[in-house]
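Worksheet: the structure to be examined is printed underneath.
The figures that follow rest on heavy atoms only: side chains count, while hydrogens, waters and symmetry mates do not. Chain identifiers are assigned alphabetically (A, B, ...) following the order of the sequence lines, protein sequences preceding nucleic acid strands; residue numbering begins at 1 within each chain.
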Amino acid sequence: MTESRLTNTLLTLLTYAVAIVMFFPILWMFLTAFKTEQTAFDIVPHFLFTPTLDSFKLALAQGNGYWHYAFNSALSAVASTLIGLVLAVPAAYAMAFFPSKRTDFTLVWMVSTKFIPAVGVLIPVFMVYKSLGLLDNIWGLTMLFTAMNLPLIVWMVYSYFKDIPKDIIEAADIDGAGTLQTMVKVVLPLALPGLASTGLLALILAWNESFWSLTMTDHKAATLAVFIASFKSAEGLFWAKMSAASVLTVTPIIILGWFAQRQMVRGLTFGAVK
Amino acid sequence: MSFAAKSRPTEPGAYNQPAPRGRSTRVRRQRVRAAWLFLTPMLIVLALVAGWPLLRTFWFSVTDATLNSMEGANFIGFENYLIHDAGGWYGLLADPEWWNAVWNTLYFTGVSVGLESVLGIIVALVLNAEFRGRTLVRAAILIPWAIPTIVSAKIWAWMLNDQFGILNHLFMTLGLIDAPLAWTADASLSMWAVIMVDVWKATPFVALLVLAALQMLPSDCYEAAKVDGISPLKVFFRVTLPLIMPALLVAIIFRALDALRVFDVIYVLTSNSSSTMTMSVYARQQLVEFQDVGYGSAASTLLFLIIALVSIAYLYLGRRQLGGDT
């Protein structure tokens, strides 16, 4: 009995230790954000200090100002998620309710686009965008985010649709409802919680994207990734400002992520783990 | 009309309800049309934004294109890959830098995914136990994975800073090291630095998947093992591990796919340093900095093929090992 209690105490201590190690970098980011550049650069790092909002003020004014980047990030994330859902719902519906011999192939082909390294298609995409005038354009970036998340969205929605009993579709058929009507009026309301969490996940992934944001935008359509990357040593001391900017960037995601914990597992594994 | 209905009676999703045959055929044909109509937009978008650029990359890889002369590119066969010229072998496959990048990528993938699996299982086991403040601890552990890579890479660059970084300070205070280490600049350390950052960021992902699997395990297995007095370690290897294996395999393939393509964390921390150069970083350097589109595209093509090969092999083996779970 005492032995098992000892094991339990040790296990709990181990848990707290793991949590502290995992959380420490985040904590350090938050602490640095409330320092001045000078305090941040002291040889002996401080855990106790007088917090100041100076770095936040400086970070908010960096480049085009935080809100410019945040607006672009929010717009591209929300728009790409909505467009993705509009494209994905009918596709997933077709595959879940009217499967054919080609359905498996379509699913595999769709997922195989995720094998493509972003670097590998950079030049062709860049050239097409240049000739279409989509460089540094928020809708051009939105389109890339849509394509990036589309396989995941389709797969997730597909896995939610699969859970809906087919009898419901049959019943709607017998009542003489058309395919579109059945989808919109019968199936979508049932899958609404699933659609919501899929959307939430796509939103987070688009908000966190950095490769395409950094290569395809520059100024006008620059997102928060560009904002964070703009803190460089060429501009002198910047660690406190950068930490403040990071805090401003991750806070919305941490809040959203809190609500989406479970759904994120399902989404990131293409529904393999529920 | 009725032929179509009869010839595919067992097609999944074909509802053979006892409705009049004429009506059911009409409904089915309408469904097939709707299915195509529904699928087409998604297929077109993916083909345009993913398929087409990939085909272009294949094409560039067999030309002598450079960033300045994309239009005037000539077909040169597989010379970007391998060519025997003037008594020596040239091209990507004869480039030691490329093989260094391949080795680095495989090393990075093997070590980081291996560590993430082991640590992920431990974290999941710990989180699966009941203790005070579990919800909070769970959320704290998951955060690293939910924040943008660019942010985590920058934060770690700050913590790993050789003069002012907290990590050197902590290690020196604890007496682990005598002098500050140049984590990202020292060739022998930088690979471990990027692996550490990746492990920190991705362990929560593995833990989350394993935890989900743990919570679905039947508790009677454990009760039985407890009654029989089997040691906890034995229980883990004989009972728990086989049961969470499917979830673990899923986690590993997703992590491996990301690790094989790894770019941003390495680029932010160590830029183009050859001791951490992965295939993606190599391809970007050829494409953007050396402006050699043909050669860089050849590297991208090989990278794509390697990833496809690894995934297919893994899925094949995984399916066989899981047996029957097809």
Side-chain angles (χ1 to χ4, degrees), chain A residues 11-12 14-15 18-19 22-23 25-26 28-29 41 45 87-88 90-91 93-94 97-99 106 110 112-117 119-125 127 143-144 146-147 150 154 170 173 179 204 208 210-211 225 228-229 239 242 246 249-250 253-254 257-258 261 265 268-269 272-273, chain B residues 12-13 15 17 27 30-31 34-35 38-39 41-42 45-46 49-50 53-54 56-57 60 70 123 126 129 131 137 139-144 146-151 154-156 158-159 164 166 169 205 208-209 212-213 247 250 254 261 263-264 280 283-284 287 293 300 303-304 307-308 311:
Chain A
L11 205 65
T12 310
L14 178 72
T15 311
V18 168
M22 295 304 277
F23 189 67
I26 312 284
W28 194 239
M29 172 183 82
F41 245 49
L87 289 168
Y93 189 86
F97 295 113
F98 321 135
T106 313
M110 197 181 71
S112 76
T113 62
K114 289 250 124 209
F115 298 167
I116 301 176
V119 178
V121 290
L122 172 62
I123 299 290
V125 170
M127 283 171 57
M143 199 63 211
L144 284 171
T146 307
L150 197 53
V154 175
E170 283 179 49
D173 263 348
T179 311
I204 291 174
N208 285 354
S210 61
F211 182 81
I228 297 292
W239 293 107
M242 190 210 73
S246 301
T249 304
V250 303
I253 282 311
I254 292 180
W258 180 268
Q261 272 184 46
V265 182
L268 284 153
T269 56
V273 174
Chain B
Y15 319 117
Q17 67 263 48
V27 167
Q30 190 201 339
R31 275 197 187 128
F38 282 5
L39 270 172
M42 187 268 301
V45 168
L46 272 188
V49 189
L54 188 64
R56 291 287 286 171
T57 297
F60 285 138
M70 298 297 285
V123 170
V126 157
F131 59 90
V137 169
I141 286 181
L142 293 180
I143 288 175
I147 68 177
T149 310
I150 180 110
V151 172
K154 286 270 187 181
I155 292 298
W156 275 93
W158 165 225
M159 297 197 355
F164 307 104
I166 179 83
H169 181 80
F205 172 72
L208 208 57
L209 293 196
V250 170
F254 279 95
R261 295 183 298 177
F263 176 81
D264 18 16
S280 278
R284 198 206 78 98
L287 285 167
V293 175
S300 307
L303 171 49
F304 173 76
I307 291 174
S311 327

Taking side chain as C-beta onward, heavy atoms only, is A/Met127 less than 4.5 Å from B/Phe60? yes
Under the side chain to side chain contact (heavy atoms under 4.5 Å, CB included) test, residues paired with B/Thr57 that sit two or more places apart: A/Val121, A/Pro124, B/Ser297, B/Ser300, B/Thr301
Sort out for me which of A/Thr113, A/Val125, A/Leu150, A/Val18 touches chain B most, counting heavy-atom pairs under 4.5 Å. A/Leu150
Between B/Ser311, B/Pro41, B/Ala34, which has the largest tally of heavy atom pairs under 4.5 Å with chain A? B/Ser311
With a 4.5 Å heavy-atom cut-off, do B/Phe164 and A/Trp239 have their side chains touching? no
Distance from A/Phe211 atom CZ to B/Arg284 atom CZ, nearest 0.5 Å? 7.5 Å
Counterpart residues, side chain to side chain donor-acceptor pair (under 3.5 Å), relative to A/Ser246 (two or more places apart): none
Among the listed options B/Val293, B/Val49, B/Ile150, the residue most often paired with chain A at heavy-atom distances under 4.5 Å: B/Ile150
Would you mind checking which part of A/Ile228 comes under 4.5 Å of any heavy atom in chain B, side chain (CB onward), backbone (N, CA, C, O), both or neither? both
Which atom names give the shortest non-hydrogen contact between A/Leu87 and B/Met42, and what distance separates them? O-CB, 3.9 Å
Could you please spell out the steps behind the side chain to side chain contact (heavy atoms under 4.5 Å, CB included) verdict for A/Met143 and B/Val45? CA-CA 9 Å; A/Met143 199 63 211; B/Val45 168; 3.9 Å; yes
Under a 4.5 Å heavy-atom cut-off, does chain B meet the side chain of A/Ile116, its backbone, both or neither? both
Between A/Phe115 and B/Phe304, how do the two ring planes meet: parallel, tilted or perpendicular, split at 30° and 60°? tilted
Would A/Met29 and B/Val151 satisfy side chain to side chain contact (heavy atoms under 4.5 Å, CB included), going step by step from the backbone distance to the final call? CA-CA 10 Å; A/Met29 172 183 82; B/Val151 172; 4.2 Å; yes
How many angstroms lie between atom CG of B/Leu39 and atom OH of A/Tyr93, to the nearest 0.5 angstrom? 13.0 Å
Taking all non-hydrogen atoms of both residues into account, name the closest pair between A/Ala229 and B/Lys154 and its distance. O-NZ, 3.9 Å
For the atom pair OG (A/Ser112) and CD1 (B/Ile307), what is the distance rounded to the nearest 0.5 Å? 11.5 Å
Looking only at B/Asp264, B/Leu54, B/Val123, the option with the highest number of non-hydrogen pairs under 4.5 Å against chain A is B/Leu54
Could you report the tightest heavy-atom contact between A/Asn208 and B/Ile147, atom names first, then the distance? ND2-C, 3.9 Å
May I ask you to name which of A/Pro117, A/Ser210, A/Ala94 has the most heavy-atom pairs under 4.5 Å with chain B? A/Pro117
Rounded at 0.5 Å granularity, tell me how far CD1 in B/Ile143 sits from CD1 in A/Ile26. 6.0 Å
Does B/Ile155 reach the side chain of A/Met242, with side-chain heavy atoms less than 4.5 Å apart? yes
